Undergrad: 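Here it is, the structure in full.
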Amino acid sequence: MEAFTQKVVFVIQHIPSGKVMTYGQIAAHAGSPRGARQVARLLHSMSSKYNLPWHRVINAEGRISIQDEVRREAQEQLLRDEGIEFSGAKVDLAKFRYDPGQDSF
DNA sequence: AGCTTGACTGTGG
DNA sequence: ACCACAGCCAAGC
């Protein structure tokens, strides 16, 4: 596949339960190391169309980047349900970050 | 065919 | 820890 969009979707759909990925990571695996913002944009507009586990995507700090309070809390709850622990408002990326590596694709 | 926008990220004060 | 700036690039207008 070639479309950046489809690669992003592919990667996100492959994030296992109990793990998370950052926008930058996903962008890198999709072939655009600098396309973190596009990943965010795609989630924003396609999460409803593609049934994506958007809640497993967070920013580089391990925080939820959503501005809408209701959605942000919903995401945190979903992650907790999958066994992901929050240190305050942050996720421990060292433990819960999913890194498939280049050999997986 | 431009211009604007953003669920980002790294750097620097 | 917090704020400001500057690259980044696809989608939407």
Side-chain angles (χ1 to χ4, degrees):
Chain A
M1 98 175 109
E2 252 188 278
F4 171 72
T5 301
Q6 295 189 327
K7 286 188 177 181
V8 170
V9 171
F10 179 81
V11 173
I12 293 176
Q13 289 180 326
H14 280 234
I15 303 174
S17 179
K19 292 287 183 178
V20 297
M21 279 185 86
T22 68
Y23 299 93
Q25 260 188 297
I26 294 170
H29 280 289
S32 293
R34 311 297 172 187
R37 309 188 69 161
Q38 283 54 257
V39 173
R41 174 187 296 285
L42 294 178
L43 257 55
H44 166 45
S45 63
M46 305 170 66
S47 59
S48 54
K49 300 178 180 177
Y50 285 74
N51 192 24
L52 296 174
W54 58 272
H55 56 274
R56 301 200 186 122
V57 185
I58 57 181
N59 68 23
E61 284 186 312
R63 288 180 177 280
I64 295 173
S65 299
I66 301 176
Q67 295 180 349
D68 179 56
E69 199 175 320
V70 178
R71 276 188 157 176
R72 189 176 60 235
E73 287 181 28
Q75 175 168 6
E76 181 179 328
Q77 186 57 55
L78 286 169
L79 294 178
R80 286 181 185 282
D81 289 344
E82 298 186 344
I84 295 173
E85 299 171 30
F86 280 73
S87 305
K90 286 190 266 185
V91 171
D92 185 349
L93 286 178
K95 295 181 68 174
F96 301 107
R97 187 184 47 147
Y98 174 55
D99 187 357
Q102 18 189 330
D103 45 288
S104 297
F105 296 109

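In what follows, every chain begins at residue 1, and chains take the letters A, B, ... in the order their sequences are listed. Because the structure is predicted, anything quoted here is derived from the model rather than measured.
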Undergrad: Working to the nearest 0.5 angstrom, can you tell me the gap between A:T22 OG1 and A:R63 CZ?
TA: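 Going from OG1 on A:T22 over to CZ on A:R63, the span is 15.0 Å.
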Undergrad: Within the pair A:S65 and B:dC8, is there a side-chain N or O less than 4.0 Å away from OP1 or OP2?
TA: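 So the side chain of A:S65 is within the cut-off, an N or O lying under 4.0 Å from OP1 or OP2 of B:dC8.
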Undergrad: Quick test of your reading of the model: are A:K95 and A:E85 salt-bridged, counting only N-O distances below 4.0 Å?
TA: no
Undergrad: Let's see if you can work this out: which of B:dA7, B:dG6, C:dA1 has an atom nearest to the side-chain heavy atoms of A:Q67?
TA: B:dA7
Undergrad: Run the salt-bridge test on A:R72 and A:E76 with the 4.0 Å N-O cut-off and return the result as yes or no.
TA: no
Undergrad: So do the side chains of A:L42 and A:F4 get within less than 4.5 Å of each other, counting heavy atoms only?
TA: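 In contact.
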Undergrad: Please determine if a side-chain N or O atom of A:S32 lies less than 4.0 Å away from the OP1 or OP2 oxygen of C:dC8.
TA: no
Undergrad: Closest nucleotide of DNA chain C for A:R63 versus for A:S45: which of these residues is on the 5' side?
TA: A:R63
Undergrad: Rounded to the nearest angstrom, tell me the gap between atom OH in A:Y23 and atom P in B:dG10.
TA: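 Spelled out: OH on A:Y23 to P on B:dG10 is 14 Å.
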Undergrad: Output the single nucleotide from B:dA7, C:dA11, C:dC8 whose closest atom is nearest the side chain of A:T5.
TA: C:dA11
Undergrad: Within this structure, what is the CZ-to-P distance between A:R72 and B:dA7, rounded to whole angstrom?
TA: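 Atom-to-atom, A:R72 to B:dA7, this comes out as 13 Å.
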Undergrad: What nucleotide among B:dA7, B:dT9, C:dG12 has an atom nearest to a side-chain atom of A:T22?
TA: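 Nearest to the side-chain atoms of A:T22, counting from C-beta on, is B:dT9.
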Undergrad: Counting side-chain heavy atoms from C-beta on, which of B:dG6, B:dG10, B:dA7 comes nearest to A:A60?
TA: B:dG10
Undergrad: Answer yes or no: is there a side-chain heavy-atom contact under 4.5 Å between A:V39 and A:V11?
TA: no
Undergrad: From CG of A:L93 over to C1' of B:dC8, roughly how many Å is that when rounded to an integer?
TA: 14 Å
Undergrad: Does A:N59 or A:Q38 map to a spot on DNA chain B nearer the 5' end, using the closest nucleotide for each?
TA: A:Q38
Undergrad: May I have the distance from A:Y50 (atom OH) to B:dA7 (atom P), rounded to whole angstrom?
TA: 19 Å
Undergrad: Please work out if A:G35 contacts a base, only the sugar-phosphate, or nothing of the nucleic acid, heavy-atom cut-off 4.0 Å.
TA: nothing
Undergrad: Within this structure, what is the CZ-to-P distance between A:R37 and B:dG10, rounded to whole angstrom?
TA: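 Whole-Å distance recorded here is 13 Å.
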Undergrad: Considering only side-chain heavy atoms of A:L42, which listed nucleotide, C:dA11, C:dC9, B:dC8, is closest?
TA: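 Given the options C:dA11, C:dC9, B:dC8, the side chain of A:L42 is closest to C:dA11.
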Undergrad: Using a distance-only criterion (donor-acceptor N/O pair, under 3.5 Å, no hydrogens), is the base of B:dG10 paired with the side chain of A:R34?
TA: no
Undergrad: Using a distance-only criterion (donor-acceptor N/O pair, under 3.5 Å, no hydrogens), is the base of B:dT5 paired with the side chain of A:R41?
TA: yes
